[in-house]
Amino acid sequence: MQLILVLNAGSSSVKFALINIQNGGQEHDLARGAFDGIGQTSRWSANRLDGLANKDITVKNGLASNHKEAVSHILSWIEINYGLASLTAAGHRVVHGGGNFIQPIRLDKQNVEALRKLVPLAPLHQPHNLAAIDSLNELAPTLPQIACFDTAFHATIPDVARHFALPRTITELGVKRYGFHGLSYSYIANELARYDAQLARGRVLVAHLGNGASLCAMRDGKSIATTMGFSALDGLMMGTRTGSIDPAVIFYLMRDQKMTAAEVEAMMYQKSGLLGVSGISNDMRKLREATGTHNSAREAIDMFTYRIIREAGAMIAIMGGIDALIFTAGIGENDTELRADVIKGLSYAGFSLDEVANNSKISKISSENGAVALVMPTNEEVMIARETAALISNEQK
Ligand code: AMP
């Protein structure tokens, strides 16, 4: 049995999960929790999912002023609920593995330094992942730490899909498509293989539609194309990110509107997408509620849907057709209207909607004949726990 602590650190939050992996490979989610609002008014939540009493500790508002305090609090909670000594290892979600890290790695000093060199490739995410790694290293130096990468699943993308039409010297600097959401795609590829092994070997398009959103085209369970690129800004419209736009917009904003690079970057990552277009929220539930009263909410949802259909068309073309489409993440798993609209938009590719299934909690939402559309909940934490446990087991062989 291996007890894995999974950490997923963002700019102002550290989410954690405790996952027990038994020798036969069965997984049990023992606990989930998060520290949100680090540096502002922080909120703490932790739930035991194993049915036993949650021994919580009182948290004052504003307790965690940085990632280290958040990690320290998570460790205290684990200590009183399970005992820190019971942990086998910690697995971190790390957004960028660059061109070299295409498998999970054990975090020693040298590897951590190599990950630090990748900060310029993911300046808004990688530093927070590293903050959690550094904190855990100080607070629990003997606990093995493993990095699991969001880019790694896309290592199989061929150069024709990976390279931009830039001079070779720039490509050689590492300016190319890496793709993200790989832990989610990897989990879905495994789930699909369990659900229908033959389908999983076919032409599969996975739509990870959450606050961040992307598509991944797979053949034989391997990524062959994805909409996110050099950064997690490319591709689909997202909660607060633009997705792909004409890059000349950036030159115009900097040169003629006198915005700085940092201002344009912040606008494109944090103030655009559903939030920017609607002027209301990045939360799809709130936008659905607002469609009756605000045209801008309808417009934002229509653009979001249109972009999925457009990009899906490109993916279907490069796969030479499609056998299965899978919806996952917050919007993909829950928004029945969005799924219905996307499936209607892809009817030319052989999809037709089973409306009853779409409105129930049923996985298969396409009707009997034609291409298969499925809803599958993603579970990046379980994927990280699996990868971490596997690496530790291999080391012990
Ligand atoms: P994630 O990043 O995967 O947590 O997904 C977050 C997104 O999922 C937000 O836009 C939420 O509004 C959206 N979401 C969650 N539940 C629902 C729901 N029942 N209907 C529509 N969107 C939802």
Side-chain angles (χ1 to χ4, degrees), residues 2 4-10 15-22 24-32 49 89-97 101-105 125 129 146-157 178-197 199-202 204-228 232 324-334 361 363-364 372-393:
Q2 294 171 296
I4 309 294
L5 167 62
V6 175
L7 289 181
N8 180 358
K15 295 189 193 126
F16 80 95
L18 263 187
I19 297 173
N20 187 350
I21 303 205
Q22 283 172 346
Q26 301 97 322
E27 295 125 0
H28 299 284
D29 240 325
L30 295 189
R32 297 245 173 172
L49 308 170
H92 293 268
R93 178 184 192 171
V94 175
V95 69
H96 221 303
F101 296 127
I102 58 171
Q103 299 285 345
I105 52 162
H125 295 94
N129 305 155
I146 311 301
C148 303
F149 300 102
D150 255 325
T151 46
F153 185 71
H154 301 296
T156 45
I157 290 181
Y178 292 96
F180 300 88
H181 288 142
L183 294 158
S184 173
Y185 291 130
S186 179
Y187 179 83
I188 296 291
N190 282 323
E191 287 301 292
L192 183 62
R194 282 186 201 179
Y195 175 87
D196 183 334
L199 199 59
R201 285 194 288 274
V204 174
L205 182 64
V206 183
H208 177 110
L209 306 174
N211 205 23
S214 69
L215 302 178
C216 177
M218 298 180 195
R219 252 184 187 275
D220 206 12
K222 297 192 173 60
S223 173
I224 58 166
T226 191
T227 54
M228 280 183 170
L325 167 66
I326 298 167
F327 292 94
T328 194
I331 300 172
E333 290 166 31
N334 296 298
K361 289 257 169 214
S363 183
K364 184 163 180 273
V372 177
L374 302 168
V375 181
M376 286 190 161
T378 193
N379 199 333
E380 288 153 307
E381 291 77 13
V382 160
M383 200 61 226
I384 294 168
R386 278 183 199 162
E387 290 189 351
T388 302
L391 190 146
I392 298 284
S393 301

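Note that the numbering runs from 1 along the sequence shown for the chain.
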Would you find a donor on one side and an acceptor on the other, under 3.5 Å apart, between the side chain of [X] and the backbone of [Y]?
X      : Y      : answer
Gln2   : Ala389 : yes
Asp150 : Gly182 : yes
Thr227 : Leu215 : yes

Should [X] and [Y] count as side-chain neighbours, where that means a heavy-atom distance under 4.5 Å?
X      : Y      : value
Phe180 : His96  : yes
Val6   : Arg93  : no
Ile146 : Glu387 : no
Leu374 : Leu192 : yes
Glu380 : Lys15  : no
His92  : Asn129 : no
Ile19  : Arg32  : yes

For a quick test of reading the model, state the closest non-hydrogen atom pair linking [X] to [Y] and the distance between them.
X      : Y      : result
Met376 : Ile188 : O-CD1, 3.7 Å
Ala213 : His181 : N-CE1, 3.7 Å
Leu391 : Pro104 : CD1-O, 3.3 Å
Phe153 : Ala189 : CZ-CB, 4.2 Å
Thr388 : Cys148 : OG1-SG, 3.8 Å
Ala329 : Gly210 : CB-N, 3.7 Å

First locate atom [atom1] of [X], then atom [atom2] of [Y], and finally report the distance between them rounded to the nearest 0.5 Å.
X      : Y      : atom1 : atom2 : answer
His208 : Ile331 : NE2   : CD1   : 9.5 Å
Phe149 : Phe101 : CZ    : CZ    : 5.5 Å
Ile157 : Thr151 : CD1   : OG1   : 10.5 Å
Tyr187 : Thr378 : OH    : OG1   : 7.0 Å
Arg386 : Asn190 : CZ    : CG    : 5.5 Å
Leu18  : Ile4   : CG    : CD1   : 9.5 Å

Inset, instruction - Would you check if there is a donor-acceptor pair between the side chains of Ser223 and His154 at a distance under 3.5 Å? - result: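 Distance-only check passes for His154 and Ser223.
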
Legend entry - Steps toward side chain to side chain contact (heavy atoms under 4.5 Å, CB included) verdict (Thr328, Glu333): CA-CA 5 Å; Thr328 194; Glu333 290 166 31; 3.2 Å; yes

